[in-house]
Every structure is written in structure tokens, then in C-alpha cells.
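Mind looking over this structure? Questions follow.
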Amino acid sequence: MKNLAVLTSGGDAPGMNAAIRAVVRTGQARGLQTWGVYEGYSGLIEGNFKRLGPRDVGSIIQRGGTVLGSARCPQFHTEEGVELAIRRLHGAGIEGLVVIGGNGSQTGAHALHKMGFPVVGVASTIDNDLYGSDVTLGVDTALNVALNAIDNLKVTASSHRRALLVEVMGRKCGYLALMAGIAGGAEAIVLPEIDVVPEQLAERIQDVYQRGKPHAIVVVAEGANYNAEGLCQYFREHELLRGYEFRSTVLGYVQRGAPPTCADRLLGTRLGSEAAEQIIAGNQGVLVGIITGQVTTTPLEEVVVGKKPLDPWFLKAADMLAR
Ligand code: ATP
């Protein structure tokens with residue numbers, strides 16, 4: 001292999017830049033020409049490629065987002081889209097591609113692999129819903145941002161004797177909510193994995209009030225059967241939750257754009273560098289992730305169908321410790 005390219009796709013995640021830098025510099029150290037593909041699969045289809053040398057990826061390790069840009073590209077869901085992308089890659093002499101992204105992006109990588117193009121994935125999404133890595137790139141930063149917000153909100157909730165329902169990201173996966181809720185000492189956590197019954201939640205918060213706590217923090221995952229505002233509305237309409245005043249706060253994209261933590265810089269570096277090594281060594285059609293502390297490769301055909309359930313220990317702990 002002489003030419004290796006890298007792209008970022010799907011939702012941006014803090015640490016993507018560290019991974020891009022590691023792919024480029026590892027490729028260069030192994031004597032390859034390295035390329036960046038701009039705007040994810042859209043850029044792949046349009047041939048939006050640029051040569052990247054070691055200096056082009058200087059001073060990006062500390063930056064959130066992705067210097068290559070990202071995109072959602074419906075055209076890549078079609079066979080013609082994937083074929084066109086492969087023609088573009090061949091046209092530029094590129095013989096291997098590292099795809100940094102989450103579930104959808106790795107499904108796209110699998111489509112390229114099935115058509116015979118050498119590809120390796122890097123597990124990257126703040127949602128942590130990707131099979132093949134215990135923890136994905138961006139999760140640590142997103143968690144720390146959520147945690148800071150929860151700490152601050154708890155102060156103001158205590159001052160005003162309020163219940164605050166804090167909505168965190170994570171799509172249909174409750175990992176961020178569960179971990180931020182435990183680490184933030186939330187009184188209750190609402191997850192997509194377990195349907196919430198608003199009456200029971202109100203009772204639980206009421207109980208917290210009666211026990212004299214000055215605040216109740218409820219961490220709500222965005223993909224739960226009721227979101228934070230939905231729960232507040234339900235409480236109002238059904239005249240539940242007496243005692244505390246209550247409000248909802250949606251953290252939203254602030255969780256995605258932060259500068260990467262040390263853990264995410266190291267993870268991006270490790271996964272990006274290993275992805276380049278794997279593709280050069282001929283181990284293609286795999287996702288590079290971390291399983292029980294070790295860099296591991298998992299075939300993309302397993303990644304695209306695999307499910308990663310929440311750790312039952314943390315689920316039990318969340319319930320036991322929120323008193
Ligand atoms: P995150 O969950 O962090 O947002 P993601 O990688 O799951 O990241 P998606 O928007 O689901 O984000 O996917 C990114 C892109 O991957 C899509 O816009 C599309 O171009 C490509 N993709 C998704 N699903 C498929 C598929 N089934 N076949 C081919 N390409 C796909």
C-alpha cells in the first residue's frame with residue numbers, strides 16, 4: 001500500500017482530531033502518502049481529497065470537533081453511492097481508508113469492505129452505543145461536560161429548592177445518562193433501556209423532598225420514552241410532584257464540541273495509530289476499539305449487528321445509591 005486516506009463521519013466527537021493526526025503520522029512513519037477526505041462520505045463521493053503531511057495535522061490534538069469536517073450522506077446508503085466512492089478513491093490512487101465514526105459510519109465502512117475496498121474503522125461516538133469497543137472516542141469528554149453541568153445545576157437547584165430534570169445526549173443508548181447520573185450523584189436516572197412511569201418517578205422525587213433534600217437532580221437520556229420536558233409537561237398536566245418547583249434543562253450539543261480530555265486524546269491517538277498499522281498489515285474490514293483495556297479488532301460484519309447492553313452492575317448501583 002502506498003496511499004492511505006482518513007475520514008470522519010456522523011456526529012463529531014472530541015478526540016477525532018487526535019485520531020486523524022495519529023493515522024497521518026503513523027502512515028507517514030511507515031512510508032505512505034496520507035490523504036484527508038473532507039466532509040465524510042459526501043466528500044468521498046465528490047472526490048474531496050487533500051494530501052496531508054505530518055505538519056498539516058500539527059496543533060489539532062487539543063481541538064474539539066474534526067478538522068476534516070463531517071456530514072450525514074444519504075447517497076452513501078445506495079450501492080451506486082458506494083461504487084462511485086470507490087471509483088473516486090481508485091482515481092486518486094488511494095488503496096486504503098480509515099473511517100472514524102459511530103454506528104452509521106461503520107455500516108458505511110462495511111459497505112465499502114463488502115465491495116472489496118480495504119477499510120478499517122475507528123470506534124468514535126459520544127453515545128457509546130457501538131459494539132466492538134467498551135468505550136468509544138468522545139465519551140469521556142462528553143461525560144465530563146455533562147458532569148460539570150450537573151454539578152453547577154445542583155448548586156442552583158439547592159439554592160431554590162428545585163427539582164431539575166437534566167437531559168443528556170446518547171440517542172437510544174443510556175450510557176451517558178447512567179454514568180453522568182451516578183458520577184453526578186443524581187436522585188434518579190431515566191434511561192431508554194427501561195421505560196419510565198411518570199407517576200413512579202414523581203413519587204420518588206416526592207420522597208426525596210419529604211426526606212428534606214434541598215434539591216432533586218434527575219438525569220434523563222434524550223432517547224428515553226419521555227424526555228425531560230415531556231416529563232415536566234406530564235407532571236404539570238397530571239398535577240404530580242408537589243413540594244419542589246421543577247424545571248427541565250437540555251444540555252444538547254455543548255456535550256459534543258468541548259476540547260478533548262486527556263483520556264480522549266490518548267484514546268484517539270491509540271485507536272488512530274493502530275488503525276493505520278492494521279490496514280498496512282492487511283487486517284481489513286475490522287473496527288479498532290478497546291476491550292478490557294486492550295486494543296482489539298472486531299470484524300465489521302459483527303460490529304454492524306452487535307448490541308452493547310448497559311453494565312448491570314452500574315444499573316444496580318444507580319438504583320441503590322440514589323437515596
Ligand atoms: P453518531 O451516532 O455519533 O452520530 P454515526 O456514525 O452513527 O455517528 P450516522 O449519521 O448514523 O452517524 O451515520 C453517518 C453516515 O454514515 C451517514 O450519513 C451515511 O452516509 C453513512 N451510513 C449510515 N448508515 C449507512 C448504511 N446502512 N449504509 C451505508 N452508509 C451508511
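From a predicted model like this one, the values you see are computed outputs, not experimental measurements. As the structure lists them, so they are numbered: ligands from 1, and atoms in each ligand from 1.
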- Query: Taking NZ, NE, NH1 and NH2 as the nitrogens, is one of them in Glu46 or Arg88 under 4.0 Å from a carboxylate oxygen of the other?
  - Reply: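 Here Glu46 does not pair with Arg88 in a salt bridge, since their nearest N and O are not under 4.0 Å apart.
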- Query: Does ligand 1 have a heavy atom under 4.0 Å from the side chain of Tyr41, from its backbone, from both, or from neither?
  - Reply: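 The answer is the side chain of Tyr41.
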- Task: Looking only at protein heavy atoms, identify the closest one to atom 6 (O) of ligand 1 and say how far it is in Å.
- Result: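 So the nearest neighbour among protein heavy atoms is Ser105 OG, 2.4 Å.
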- Task: Could you say whether the N/O atoms of Gly101 and ligand 1 ever approach to under 3.5 Å?
- Result: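 Gly101 vs ligand 1: no N/O contact under 3.5 Å.
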- Task: May I ask you to check whether Asp129 has an N/O atom sitting below 3.5 Å from an N/O atom of ligand 1?
- Result: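 So ligand 1 has no N or O lying under 3.5 Å from an N or O of Asp129.
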- Query: Hey, what do you get for CG (Leu201) to CD1 (Ile189), rounding to the nearest 0.5 Å?
  - Reply: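 Rounded to the nearest 0.5 Å, the CG-CD1 separation comes out at 11.5 Å.
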- Task: May I have the step-by-step check of side chain to side chain donor-acceptor pair (under 3.5 Å) for Thr261 and Asp140, ending in yes or no?
- Result: CA-CA 7 Å; Thr261 57; Asp140 187 68; 2.7 Å; yes
- Message: With the threshold set at under 4.0 angstrom, would you say Gln75 reaches ligand 1 through any of its heavy atoms?
- Response: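 No, that is not the case, since the closest heavy atom of the residue is not under 4.0 Å from the ligand.
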- Query: What protein heavy atom sits nearest atom 24 (N) of ligand 1, and how far away is it?
  - Reply: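 The closest one turns out to be His77 CE1, 3.2 Å.
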- Can an N or O of Gly11 be found at a distance shorter than 3.5 Å from an N or O of ligand 1?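 Between Gly11 and ligand 1, an N or O pair is found under 3.5 Å apart.
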- Message: Suppose I only count heavy atoms of Gly102 and a 4.0 Å limit; which atoms of ligand 1 are within that range?
- Response: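 Reading through ligand 1 atom by atom, the close ones are 5 (P), 6 (O), 7 (O), 8 (O).
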- Message: Let me confirm one number: the OG1-CZ distance from Thr26 to Arg21, rounded to the nearest 0.5 Å.
- Response: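 Here the rounded value is 9.5 Å.
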- Query: Does any N or O atom in Gly104 lie less than 3.5 angstrom from one in ligand 1, N or O only?
  - Reply: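 Checking ligand 1 against Gly104, an N or O pair does fall under 3.5 Å apart.
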- What part of Asp127, side chain, backbone, both or neither, has a heavy atom within less than 4.0 angstrom of ligand 1?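 Answer for Asp127: side chain.
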- Item | Closest protein heavy atom (residue, atom, distance) for atom 29 (C) of ligand 1 |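 Here the nearest protein heavy atom works out to Phe76 O, 3.2 Å.
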- Query: Is there a donor-acceptor pair under 3.5 Å between the side chain of Ser70 and the backbone N or O of Gly10?
  - Reply: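 Here the side-chain-to-backbone pair exists.
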- Query: Mind checking whether Ala111 has an N or O less than 3.5 Å away from an N or O of ligand 1?
  - Reply: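 No, since none of the N or O atoms of Ala111 sits under 3.5 Å from an N or O of ligand 1.
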- Task: Identify whether the distance between the nearest side-chain nitrogen and carboxylate oxygen of Glu229 and Arg236 falls below 4.0 Å.
- Result: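 Judged by the 4.0 Å cut-off on N to carboxylate O distance, Glu229 and Arg236 do form a salt bridge.
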- Message: With heavy-atom distances below 4.0 Å as the criterion, list the atoms of ligand 1 near Ser9.
- Response: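 So the answer, numbered in order with elements, is 14 (C), 15 (C), 16 (O).
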- Item | Min side-chain heavy-atom separation Leu97-Leu44 under 4.5 Å |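 A side-chain contact under 4.5 Å exists here.
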- Task: List the closest protein heavy-atom neighbour of atom 19 (C) of ligand 1: residue, atom name, distance to the nearest 0.1 Å.
- Result: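 Of the protein heavy atoms, Cys73 O, 3.4 Å lies nearest.
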- Sub-4.5 Å side-chain heavy-atom contact between Lys2 and Glu95: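 Side chain of Lys2 against side chain of Glu95, heavy atoms only: contact under 4.5 Å found.
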- Query: Going by the order shown, which atoms of ligand 1 are within less than 4.0 Å of some heavy atom of Arg72?
  - Reply: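 Near Arg72, meaning under 4.0 Å from one of its heavy atoms, ligand 1 has 4 (O), 9 (P), 10 (O), 12 (O), 18 (O).
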- Kindly confirm or rule out an N or O of Thr107 lying under 3.5 angstrom from an N or O of ligand 1.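 It does not: no N or O of Thr107 is found under 3.5 Å from an N or O of ligand 1.
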- At their closest point, which heavy atom of Ile217 faces which heavy atom of Ala157, and how far apart are they?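 Closest heavy-atom pair between Ile217 and Ala157: CD1-CB, 4.3 Å.
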- Message: Does the plane of the ring in Trp35 sit parallel, tilted or perpendicular to the ring in Phe49? Use 30° and 60° as the thresholds.
- Response: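 Ring orientation of Trp35 relative to Phe49: perpendicular.
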- Query: Taking heavy atoms and a distance under 4.0 Å, where does Gln106 meet ligand 1: side chain, backbone, both or neither?
  - Reply: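 Neither; nothing of Gln106 gets under 4.0 Å from ligand 1.
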- Between Thr125 and ligand 1, is there a nitrogen or oxygen pair with a distance under 3.5 Å?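 Yes; the residue has a nitrogen or oxygen that sits under 3.5 Å from a nitrogen or oxygen of the ligand.
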- Message: Does atom OH (Tyr234) have a neighbourhood of more than 12 heavy atoms from anything else shown, all under 6.0 Å?
- Response: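 More than 12 heavy atoms, drawn from other residues, nucleotides or ligands, come within 6.0 Å of this atom.
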- Query: Hey, does Val288 have a side-chain heavy atom less than 4.5 Å from the side chain of Val120?
  - Reply: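 In contact.
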- Item | Within-cut-off N or O pair, Ser124 and ligand 1, under 3.5 Å |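 It does not: no N or O of Ser124 is found under 3.5 Å from an N or O of ligand 1.
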